[in-house]
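Have a look at the structure below before the remarks.
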Amino acid sequence: GAGVSQSPSNKVTEKGKDVELRCDPISGHTALYWYRQSLGQGLEFLIYFQGNSAPDKSGLPSDRFSAERTGGSVSTLTIQRTQQEDSAVYLCASSLEARSGANVLTFGAGSRLTVL
Amino acid sequence: AQRVTQPEKLLSVFKGAPVELKCNYSYSGSPELFWYVQYSRQRLQLLLRHISRESIKGFTADLNKGETSFHLKKPFAQEEDSAMYYCASRYNFNKFYFGSGTKLNVKP
């Protein structure tokens, strides 16, 4: 597609349920990021995939959070046993080869998660 | 650890006034610095990057290695500049780090 696609755009769930958020990056983009955007907290880095390298998971806030990227393309962010503090907008971004000097991030529209 | 600091959560100015959004980074060396902007109900998008040395929508930003700053400036703010602005850094072709963002409100 022409841009980074994320689904669902909105998700309301009950505390304790699991949720999956999907990101479809721009074709050919080898780098993929997940960020969390909370009011007053800015953009919080969660996880970073680059090609076939092991992902950088250093930003995941707890072991309830996990992400995978299949075939170097689509990524899924999974939050298990959701808590109210998980409510936020989850942003996905992709970019060309990380070592490119022309590397910039293209963001998706985000998935707004509300945990009741 | 790498850090990007945006000290102002909210900046309000009147239309036509100069505006400066502050950004400081913590890492020495040669970072890549960026400004991203998010207008209301739109996606986060790149505004400008320091290596391009360009002016976008009247905004400029100069990398000051001595002060480790990359402040965003515009001499005459417009109402359509109202948005959320994020400063970001990247080192050694690694991942991007973002600041906490500054909400710019340009009043008529």
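Side chains included, hydrogens not; waters and symmetry mates left out as well; all remaining heavy atoms used. Order of the sequence lines sets the chain letters (A, B, ...), proteins ahead of strands, with each chain counted from 1. Just so it is clear, the structure is predicted and the values come from calculations on it, not from any experiment.
For an aromatic pair to be called close, the ring centres must be under 6.0 Å apart, and B/Tyr36 with A/Phe107 satisfies this.
Neither the backbone nor the side chain of A/Glu44 comes within less than 4.5 Å of any heavy atom of chain B. Contacts between B/Leu44 and chain A at a heavy-atom distance below 4.5 Å involve backbone atoms as well as side-chain atoms. B/Phe34 touches chain A through its side chain: at least one heavy atom from C-beta onward sits under 4.5 Å away, while N, CA, C and O do not.
Under the 4.5 Å side-chain contact rule for hydrophobic residues, B/Phe14 and B/Phe59 do not share a cluster. Hydrophobic clustering (side-chain heavy atoms under 4.5 Å, transitive across Ile, Leu, Val, Met, Phe, Trp, Tyr) keeps A/Val74 apart from A/Tyr33. Hydrophobic clustering of Ile, Leu, Val, Met, Phe, Trp and Tyr side chains at less than 4.5 Å, counting indirect connections, keeps A/Val104 apart from A/Trp34. At a threshold of 4.5 Å between side-chain heavy atoms, the hydrophobic network of Ile, Leu, Val, Met, Phe, Trp and Tyr places B/Phe70 and B/Leu72 in one connected group. Linking ILVMFWY side-chain heavy atoms closer than 4.5 Å, directly or via other members, places A/Val19 and A/Val89 in two distinct hydrophobic clusters.
With rounding to the nearest 0.5 angstrom, the CZ atom of A/Phe45 is 11.0 Å from the CZ atom of B/Phe98.
When the heavy atoms of residues 57-66 of chain A are compared with those of chain B, the residues falling under 4.5 Å are A/Ser58, listed by number.
Around the NZ atom of B/Lys107, the shell of radius 6.0 Å holds more than 12 heavy atoms that belong to other residues, nucleotides or ligands. The neighbour count for B/Phe76 CZ, taken as heavy atoms of other residues, nucleotides or ligands under 6.0 Å away, does not exceed 12. Annotation for B/Glu67: atom CD does not count as buried by contact number, only 12 or fewer foreign heavy atoms lying within 6.0 Å. For A/Glu14, the CD atom is loosely surrounded, since the number of other residues' heavy atoms within 6.0 Å does not exceed 12.
Under the 3.5 Å distance criterion, the side-chain polar atoms of B/Arg43 are matched with a main-chain donor or acceptor of A/Val4.
When each of B/Gln42, B/Gln38, B/Met84 is checked for heavy-atom pairs under 4.5 Å with chain A, B/Gln38 comes out on top.
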